[in-house]
Each structure stands twice: as structure tokens, then as C-alpha cells.
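Here the structure comes first, spelled out in C-alpha cells, and everything after it is commentary.
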Amino acid sequence: MQEDAAAALRQAADWARTRAGAARRLARAALGLDRMRIGVAGLSGAGKTVFTTSLVHALVNGGSRRADLPLFAAALGAARWRASVEPLPDLPPFPYAAHLDGLTSDPPAWPQPTRAPCGLRLELVAEEPGARRVAIEIVDYPGEWLLDLDLLDLDYAAWSAAALERLQAHRGEAREAAGVWLGQALEAADDAGACARVVGGYAATLSHLRAAGLSFLQPGALLAPPAAPAPPPPAPLPATLAGGPLYRAMAARFVAYRDGFVLPFRRDHLARIDRQIVLVDLTGTLANGPEAFADARAALAASLRAFRYRRIPGLDALRGRIARVLVAATKIDHVATSQYLNARALLADALAGSAWAGSIARDRLRFEVLAAIRSTEDGWMRRDGAQRAALRGVLRGPGGVLRMLVPSDVPPQAPAAADWPEGGFVYAQFAPPDLRGHRARPFPNVNLDKALDHLVGDRLR
Ligand code: GDP
């Protein structure tokens with residue numbers, strides 16, 4: 001008799017739980033909590049393609065290899081989840097399967113970077129009564145375009161003044177290249193038909209500056225051209241030419257580009273993103289010297305200013321505001337583990353003190369160091385009579401030599417230009433490790449689990 005009563009009570013409790021679960025699911029769907037769109041941005045070479053491939057691979061396989069991603073596994077809870085990868089209706093597909101093949105081949109190959117916006121949709125379904133679903137959309141787009149968003153608040157004269165001031169602040173070869181181009185632009189002042197030629201010269205100058213390691217380069221479409229037809233980008237001109245034929249034609253180009261390319265980019269892409277990850281090649285930037293480092297810092301601050309953050313939960317979701325941002329220093333496997341804390345401090349220091357950073361709630365913005373695919377192992381070497389933290393890995397390039405080497409340490413704050421170490425900061429590039437055993441298992445990484453938890457954990461729990 002007592003057993004019957006206990007069984008009836010258990011049944012009633014199960015029924016109540018299922019109903020409560022169904023009600024929760026309906027409420028989540030109504031609030032849009034069962035889907036999210038993650039934006040992955042970074043300047044070219046920052047590691048977007050490798051990161052997106054590794055992130056998707058972790059989302060697909062993390063549920064069955066829980067020990068590999070403990071934070072993500074905890075967010076998934078006890079349920080088993082199925083994952084499927086699907087295209088997005090509004091963007092070209094991110095070639096996940098092809099990148100996975102290349103990485104898990106023998107020898108493994110880094111994926112070819114994707115330059116135009118692309119994406120995919122991951123459908124996660126819990127194998128439990130009610131089959132809870134979460135759709136995670138991942139969109140990859142050029143960080144070069146983020147830098148253009150401040151054009152929206154400027155007119156041609158103001159943009160030109162700021163762009164030329166940055167150009168003229170460079171030193172050495174970069175300054176020379178900029179000077180030669182400006183001379184040509186001045187000669188064409190009376191020729192409204194010279195726009196395309198002047199912009200062509202400016203594009204060549206920007207490519208030169210990028211090769212020298214500089215990042216704050218506008219307009220973005222000159223460095224990361226859109227795949228679809230778009231209004232042609234402008235070049236800046238000095239105010240002394242204002243009123244002349246070339247200046248007037250270029251100002252018209254500026255307005256057409258701002259309103260016909262930058263504005264739709266914000267409206268159609270950025271406004272639909274919930275969570276944003278901004279990838280920064282911190283060690284690569286340090287290796288490029290003090291000027292490139294200061295320039296990258298300014299570019300990062302400008303990119304982050306472009307986002308509009310949520311302040312009022314439900315309402316801001318409807319207004320297309322970003323709920324969380326993760327700024328990550330990629331390829332951190334280029335330095336020894338003992339340097340990770342410094343690297344993270346250096347990344348956060350790059351934005352410390354900016355009025356913008358102070359205006360965001362701490363739990364919305366996070367800094368992390370990351371290796372989407374860890375290619376090196378820690379080791380030790382004797383150097384100049386002392387033990388030094390070293391790395392072992394296969395160097396990138398033909399022949400793939402396995403080497404043990406000592407990379408530069410990472411400073412916790414950017415040194416003043418005068419205190420930059422003699423010989424600079426030196427880091428090697430590595431080939432991917434042998435990933436044949438990882439076709440159905442998350443790749444070896446640094447902090448991918450933390451990134452996943454920050455970006456999607458709250459929506460799964
Ligand atoms: P994107 O232009 O931002 O898409 O950059 P990619 O993702 O193509 O990365 C550029 C290059 O950086 C790759 O070809 C790799 O050589 C290197 N890289 C990217 N991520 C990692 C990483 O996690 N570890 C290491 N060691 N190298 C990486």
C-alpha cells in the first residue's frame with residue numbers, strides 16, 4: 001500500500017517536472033533564449049578561420065568527450081545532446097567540413113582563411129523529454145570592416161583629417177610610402193576623373209602599411225574587399241583641396257560608401273549579433289615593434305567602440321544590442337605557459353583607461369588568452385647559463401622541422417617605445433600538430449572551454 005502511494009507520488013512529481021520543463025522551454029523560445037548569434041571578428045591573420053573551425057568542432061564533439069571541455073560539459077548538464085551543422089539562410093557557408101579534413105589529414109594543414117563574411121548554424125538538441133533545442137549561429141567577418149564603423153559619425157572632411165593625421169604620424173618606410181602617394185593625389189587635384197587612380201594608389205599604400213604590421217587602416221573594403229558589388233571606397237584628401245574637383249568627387253564617394261556599404265554592414269550583420277568575440281594576434285603585434293603595437297591598440301579600441309551593448313535585457317535583445325564580448329589573444333601557444341598571465345594583463349592593459357572600457361559592466365566584457373589549436377608543448381632549455389621556459393613544436397613552412405626554442409617573454413604592460421627590448425620580441429610560427437586522432441574529439445587547445453562557457457554557457461544551463 002505504502003509502495004503504491006510512493007509510486008503515485010513519484011509519477012506526479014515526474015509529470016510536474018515535465019510540465020514545468022515544457023513551460024520553461026516555451027518561455028525561453030518566446031524570449032529568444034533558444035537561439036543566439038556569435039560574431040567572430042579580427043583583422044586578417046588574427047586566427048578567425050582556425051578559431052571558428054575549432055569552436056564548431058568542440059560544440060559538435062564536446063558533449064561526447066566531456067572530460068575535454070569540463071566547463072562546457074557542466075553547462076550541458078546530464079542530458080545527452082545531438083549536434084548538426086547547417087548553412088545559414090543569409091550568408092555563404094563557412095567551409096567547416098573542408099577545414100576539418102585539412103587539419104586532420106597527414107600532414108595536417110592550416111585552413112585557407114575566409115575573407116568575406118560567412119557562417120553556419122549549429123543545432124543542439126537534448127535527448128530528453130521535450131527535446132530542448134538551442135541554435136547557435138556563428139558568423140565570421142573581417143575585422144577590417146569593424147574599423148569603418150566610425151565613418152558613420154563623420155563627414156568626409158573630418159574622416160580625411162583623422163586618416164591623414166594617422167598616416168603622417170608613421171615613421172620610416174611607412175611614412176615615405178604615404179608621402180609619395182599624397183604627392184600624386186595633390187597633382188591630380190583638378191581632375192575629378194582621377195578618383196579611381198588616387199584610391200588605387202592609396203590602397204597600395206595601405207597594403208604596404210599592413211605588411212609593415214600596422215592595423216588602423218581605413219577604409220576596410222580596400223584591404224578586405226566585399227564579395228558582392230558595393231559602392232567603391234574613398235581615399236582621404238587634405239583640406240587644402242576642399243572645393244576642388246577631385247575633392248568634391250571623393251567626398252561624394254565617401255558618402256556613397258558610408259551610406260551604401262558601412263551602414264548596411266552594421267544594419268544587416270552587426271545588429272543581429274548577440275555575442276561577439278574579437279580575436280587579436282597579440283604576439284604577432286608585439287613582434288612588429290612599438291609603432292605597430294600602439295597602432296593595433298588604437299585599432300582595437302576603435303573596433304570595440306563600434307558595438308552597442310545591452311543595458312536593458314529583454315528590450316535591448318529586440319534592438320540588436322550585444323550582450324557579451326570576449327576579447328582574446330590568439331595563438332597563445334606561441335609562448336610558454338608561464339607567460340599566459342602576462343599576456344592577458346597586456347591585452348587588458350591595451351584598453352585600460354579608455355572611457356569606453358569603463359562604461360561597460362565587467363561581466364559583459366572579458367579578456368582571455370587562447371589557442372584554438374595548440375601546436376606546441378612546454379619544455380625547458382639552458383640559455384646563457386640559466387634555465388629558460390621553452391616550446392617544442394613543428395615549425396611552419398616546407399619540411400616541417402621539429403624544434404625546441406625559447407620564445408621572448410611577454411611583458412604585462414606595453415613597454416614605452418624607448419624601453420622596447422633590443423632585437424624586439426621574437427616568436428616562431430608553427431604547423432598544426434598531428435590531429436588524426438581528433439576527428440571526433442575537440443582539438444588540443446588553450447582556454448577554448450572558457451571561451452565556450454562565456455559565449456554560450458548561460459543559454460545551455
Ligand atoms: P584569419 O585570417 O583571421 O582567418 O586567420 P587564420 O585563422 O587563417 O589564421 C592565420 C594563421 O595563424 C594560420 O594559418 C596559422 O598559421 C596561425 N594560427 C591561427 N590559430 C592558431 C592557433 O591556435 N595556434 C597556432 N599555433 N597558430 C594559429
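Note that the coordinates shown come from a computational prediction; the quantities given were computed from them, not determined experimentally. First listed ligand is number 1; within each ligand, the first listed atom is number 1.
- By the criterion of a heavy-atom distance under 4.0 Å, the backbone of L43, and not its side chain, is placed next to ligand 1.
- Note that CZ of F216 and CG of L300 are 10.5 Å apart. Values are rounded to the nearest 0.5 Å.
- Considering both main-chain and side-chain atoms, Q429 never comes within under 3.5 Å of ligand 1 through any nitrogen or oxygen pair.
- Close contacts between ligand 1 and S375 involve ligand atoms 25 (C), 26 (N) [criterion: under 4.0 Å to a heavy atom].
- Close approach of ligand 1 to A371 is summarised as follows: ligand atoms under 4.0 Å from at least one heavy atom of the residue are 23 (O).
- Of all the heavy atoms of R396, the ones lying under 4.0 Å from any atom of ligand 1 belong exclusively to the side chain.
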Next on the checklist: Could you walk me through whether R210 and S44 satisfy the side chain to side chain donor-acceptor pair (under 3.5 Å) test, starting with their C-alpha distance in whole Å, then the side-chain angles of each, then the deciding distance to 0.1 Å, before giving a yes or no?
Outcome noted: CA-CA 10 Å; R210 179 159 71 177; S44 65; 3.3 Å; yes
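- The shortest N or O to N or O distance between G42 and ligand 1 is not below 3.5 Å.
- At least one N or O atom of V50, backbone or side chain, sits closer than 3.5 Å to an N or O atom of ligand 1.
- The side chain of H334, and not its backbone, has at least one atom closer than 4.0 Å to an atom of ligand 1 (non-hydrogen atoms only; side chain from C-beta on).
- Residue contact annotation: D333 has a non-hydrogen atom under 4.0 Å from ligand 1.
- For a threshold of 3.5 Å applied to N or O pairs, the pair formed by P111 and ligand 1 contains no separation below that value.
- Every N/O-N/O distance between F51 and ligand 1 stays at or above 3.5 Å.
- Among the atoms of S44, none of the N or O lies under 3.5 angstrom from an N or O of ligand 1.
- Checked by atom type, the side-chain pair D148/Y257 shows a donor-acceptor distance below 3.5 Å.
- Heavy-atom proximity to K48, at under 4.0 Å, picks out these atoms of ligand 1: 1 (P), 2 (O), 3 (O), 4 (O), 5 (O), 7 (O).
- Residues V394 and S375 form no side-chain contact, since every pair of their non-hydrogen atoms from C-beta on lies 4.5 Å or further apart.
- Residue I332 holds its CD1 atom at 10.0 Å from OG1 of T376, rounded to the nearest 0.5 Å.
- Residue F430 has no nitrogen or oxygen atom sitting less than 3.5 Å from a nitrogen or oxygen atom of ligand 1, judged on distance alone.
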